[in-house]
There are 2 protein chains.
Amino acid sequence: MDVRALETLRAVRSQGGVTAAAAVLHLTPSAVSQQLAVLTRDAGVPLTERVGRGLRLTPAGDALADAAVDVAVALERARTACAAFAGAPTGTVRVSAFQSAAWMLLPGLLTRVAARGGITVECADEDVAQHAFPALTDRHDVVVAHRPAEADPGWGPDVHVVPLLREPLDVAVPAGSPLAARAALEPADVAGADWIAVREGFPVARVLTDVGVATGTAPRVVQRINDFHVVEALVAAGHGLSLLPRYSSGGHPGVALVPLAGVRAGRQVDALVRPDTAERRVVAVVLEELVALAAELRRG
Amino acid sequence: MDVRALETLRAVRSQGGVTAAAAVLHLTPSAVSQQLAVLTRDAGVPLTERVGRGLRLTPAGDALADAAVDVAVALERARTACAAFAGAPTGTVRVSAFQSAAWMLLPGLLTRVAARGGITVECADEDVAQHAFPALTDRHDVVVAHRPAEADPGWGPDVHVVPLLREPLDVAVPAGSPLAARAALEPADVAGADWIAVREGFPVARVLTDVGVATGTAPRVVQRINDFHVVEALVAAGHGLSLLPRYSSGGHPGVALVPLAGVRAGRQVDALVRPDTAERRVVAVVLEELVALAAELRRG
DNA sequence: ACATCCATGAAGCAAAGCTACATCGACAGC
DNA sequence: GCTGTCGATGTAGCTTTGCTTCATGGATGT
């Protein structure tokens with residue numbers, strides 16, 4: 001029973017298919033398929049079953065994939081065990097963040113980590129639909145993800161979650177607008193407005209509809225844009241209002257952020273890591289810096 | 001960092017050398033040496049150091065070997081995970097016992113296990129010095145070992161210990177002797193006797209000297225014999241007395257076993273298994289039967 | 001019905017890992 | 001002190017494993 005094959009099985013589950021798993025493992029689909037074949041032979045029970053043109057793990061396969069995570073963790077502990085004797089942690093950590101978090105966190109993270117020396121951080125920006133964040137941990141060591149603040153995390157059982165920041169969502173209004181002078185806005189104040197929202201399925205998309213529930217009227221969404229800088233430009237030009245996170249937006253001079261009263265609107269920013277990569281000392285150090293940085297931002 | 005290499009490192013530690021480890025792994029010493037070389041390269045720190053013409057693990061190597069055990073356990077859990085879906089446990093389990101335990105336990109164990117069906121038990125009898133028992137777990141799945149009852153187990157951290165039986169040590173006297181009629185014997189009764197003991201370093205060798213301490217005189221050992229059947233023959237022929245375990249000896253018609261009063265003399269029989277081996281369902285089943293059988297013997 | 005996508009099988013090739021043999025250092029005996 | 005032996009470690013060569021490339025089959029959607 002090969003460790004690489006177990007890792008492959010785990011990747012097939014998290015990526016949802018042979019081809020996708022092959023991509024993150026830097027292999028051909030054929031190699032993945034062959035590994036699954038020998039693993040199935042070893043196990044003595046079918047681990048996968050075809051469904052449509054794709055495939056899915058059987059209960060046995062699922063149990064084995066769970067066990068594969070533990071094996072990966074144990075192996076990583078082994079590496080860490082002697083790395084502890086080899087001196088200060090060193091190496092390269094791949095960090096991914098969605099755009100606004102990247103804007104907010106990555107510069108400071110790079111500064112902080114560079115100050116410790118010996119650690120290279122490879123950054124990437126990846127913003128995906130909410131359900132797709134955990135799978136990114138196959139590509140990156142640390143994945144900065146976001147979700148509606150009050151709801152259940154819903155990241156699934158196969159990732160370690162490190163909370164970074166709870167960010168209130170404010171109403172972005174044009175700087176010249178009468179609303180911009182207010183200290184806070186009630187839901188009723190913005191009931192009939194045009195809205196600029198994020199794409200369906202993406203994090204905090206549902207928060208706007210929740211605000212609508214508070215006023216009794218469904219908000220009228222006129223645009224769906226994911227990049228907050230683009231959203232700010234649209235708001236400044238008077239094309240509508242938007243809900244924007246307080247700390248990771250607001251650079252635009254034509255936009256004012258006004259707190260929303262009476263509704264708990266916020267997003268939670270989490271760092272996601274695979275249980276085995278969490279065992280790596282370098283990764284732990286980078287996470288530590290990330291948490292410290294987030295705490296600093298929160299305080300102002 | 002290869003799992004086979006980790007397993008090899010663990011074997012080198014438990015066997016105390018490259019050649020011995022190679023033997024239990026069914027490899028050549030050269031292969032073991034090469035595996036250690038690549039493992040050391042991966043680890044980045046020396047894992048072994050030469051001492052005399054042998055070698056010893058460095059602290060880093062020791063830590064890594066500990067981690068290797070966890071890896072092996074995780075891997076075995078993975079196998080078990082899907083074996084649970086494959087139906088009733090099946091396979092072959094290698095059981096080793098020292099002679100008297102083999103005589104006492106193995107026939108009943110084979111009967112019990114055969115009744116469940118599907119499991120093959122391969123028996124062996126190995127009696128070694130006390131410190132050498134744990135290393136036998138590299139050769140056998142279950143090792144039945146013994147030790148002085150009241151003392152610290154002292155089997156080391158790398159084996160699971162399953163207690164089977166506490167066996168009082170009785171005084172074996174010739175059937176015709178006046179002592180044979182007694183219900184119990186005080187240490188003073190046997191103070192000046194000739195004794196037949198086991199070889200130095202073997203389990204329960206020290207118990208006799210402890211009895212001597214109770215009388216204030218060192219017992220006079222005239223023979224050192226490990227096999228209890230031979231001991232019984234010598235006792236029957238009047239060559240001396242001996243301390244023999246109550247349940248696993250006593251077949252000889254010319255020998256009577258008389259309880260010893262005033263001194264806690266006994267031996268503890270344990271089953272030793274490697275932590276990873278203990279994860280195998282078949283092994284668990286065999287152990288279960290072994291425990292049940294021991295309980296039955298204890299009750300009579 | 002056709003084109004597409006995904007998983008899987010067969011053939012060939014590169015690399016990893018083992019065995020056999022030789023070498024080197026350390027210890028015990030003469 | 002020299003020699004024989006034992007244990008660990010290199011070297012050469014072969015076997016085996018595991019990958020890629022290419023081809024096939026089944027399922028889906030247009």
Side-chain angles (χ1 to χ4, degrees), chain A residues 1-43 45-58 60-62 64-65 68 71-72 75 79 132 135 138, chain B residues 1-58 60-62 64-65 68 71-72 75 132 135 138:
Chain A
M1 188 159 284
D2 183 26
V3 199
R4 289 178 52 71
L6 286 174
E7 176 63 16
T8 300
L9 179 69
R10 198 204 53 71
V12 167
R13 176 169 71 177
S14 75
Q15 296 294 320
V18 170
T19 306
V24 303
L25 296 172
H26 304 109
L27 291 176
T28 59
S30 180
V32 171
S33 187
Q34 290 175 41
Q35 287 195 1
L36 289 184
V38 307
L39 197 59
T40 303
R41 190 169 51 72
D42 288 352
V45 277
L47 301 174
T48 59
E49 56 191 2
R50 310 258 342 206
V51 44
R53 51 187 169 189
L55 66 76
R56 172 179 64 205
L57 298 198
T58 62
D62 212 47
L64 190 55
V71 172
L75 255 177
R79 288 199 192 87
D138 287 342
Chain B
M1 187 157 288
D2 184 24
V3 205
R4 290 178 51 70
L6 286 173
E7 176 64 16
T8 299
L9 180 69
R10 199 204 52 71
V12 167
R13 176 169 71 176
S14 75
Q15 296 295 318
V18 170
T19 306
V24 303
L25 296 172
H26 304 110
L27 290 176
T28 59
S30 180
V32 171
S33 187
Q34 290 175 44
Q35 288 195 2
L36 289 184
V38 307
L39 197 60
T40 304
R41 190 171 49 73
D42 288 352
V45 277
L47 301 174
T48 59
E49 56 192 2
R50 309 261 338 210
V51 44
R53 51 186 169 190
L55 82 88
R56 175 180 60 209
L57 270 63
T58 63
D62 211 47
L64 189 56
V71 172
L75 253 178
D138 287 342

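All chains are named by letter (A, B, ...) in the order of the sequence lines, taking the proteins before the strands, and each is independently numbered beginning at 1.
- The side-chain contact (heavy atoms from CB on, under 4.5 Å) check on B:Ala23 picks up nothing, with sequence neighbours excluded.
- Within the structure, salt bridge (charged side-chain N to carboxylate O under 4.0 Å, His left out) contacts touching residues 20-30 of chain A (residues at least two apart or in different chains) do not occur.
- With rounding to the nearest 0.5 Å, the separation of CG in A:Leu27 from CZ in A:Arg4 is 6.0 Å.
- Side-chain atoms of A:Glu7 never come within 3.5 Å of backbone atoms of A:Ala68 as a donor-acceptor pair (strictly under, hydrogens ignored).
- Using a 4.0 Å cutoff on non-hydrogen atoms, no part of residues 7-24 of chain B comes near DNA chain C.
- Along DNA chain D, the stretch of nucleotides lying under 4.0 Å from any heavy atom of chain B spans, 5' to 3', D:dT5 to D:dT11.
- Applying the salt bridge (charged side-chain N to carboxylate O under 4.0 Å, His left out) test to B:Asp62 and every residue at least two apart in sequence or in another chain returns B:Arg13.
- Checked against side-chain contact (heavy atoms from CB on, under 4.5 Å), B:Ala5 has the following partners two or more places apart in sequence or in another chain: B:Asp2, B:Gln35, B:Leu39.
- Residue pairs satisfying the side-chain hydrogen bond (donor to acceptor under 3.5 Å, both in side chains) criterion with at least one member in residues 18-31 of chain A, sequence neighbours excluded, are listed as follows: A:Ser30-A:Gln34.
- Within residues 50-58 of chain B, the residues that place at least one heavy atom under 4.0 Å from DNA chain C are, in residue-number order, B:Gly52, B:Arg53.
- Listed by chain and number, the residues in a salt bridge (charged side-chain N to carboxylate O under 4.0 Å, His left out) with A:Arg56 are A:Glu49 (sequence neighbours excluded).
- In this view, B:Ser14 and B:Arg10, B:Asp138 satisfy the side-chain contact (heavy atoms from CB on, under 4.5 Å) rule, not counting sequence neighbours.
- In terms of the side-chain contact (heavy atoms from CB on, under 4.5 Å) criterion, residue partners of A:Thr48 (sequence neighbours excluded) are, by chain and number, A:Leu36, A:Leu55, A:Leu57.
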For side chain to side chain contact (heavy atoms under 4.5 Å, CB included), just list the numbers for A:Leu64 and A:Met1, CA-CA rounded to whole Å, side-chain angles, deciding distance to a tenth of an Å, and then say yes or no. CA-CA 11 Å; A:Leu64 190 55; A:Met1 188 159 284; 4.3 Å; yes

Test log, rule side chain to side chain contact (heavy atoms under 4.5 Å, CB included), inputs A:Leu75 and A:Val3: CA-CA 9 Å; A:Leu75 255 177; A:Val3 199; 3.5 Å; yes

Base versus backbone protein contacts along nucleotides 16-22 of chain C [heavy-atom cut-off under 4.0 Å; B, S, -]: --BBB--

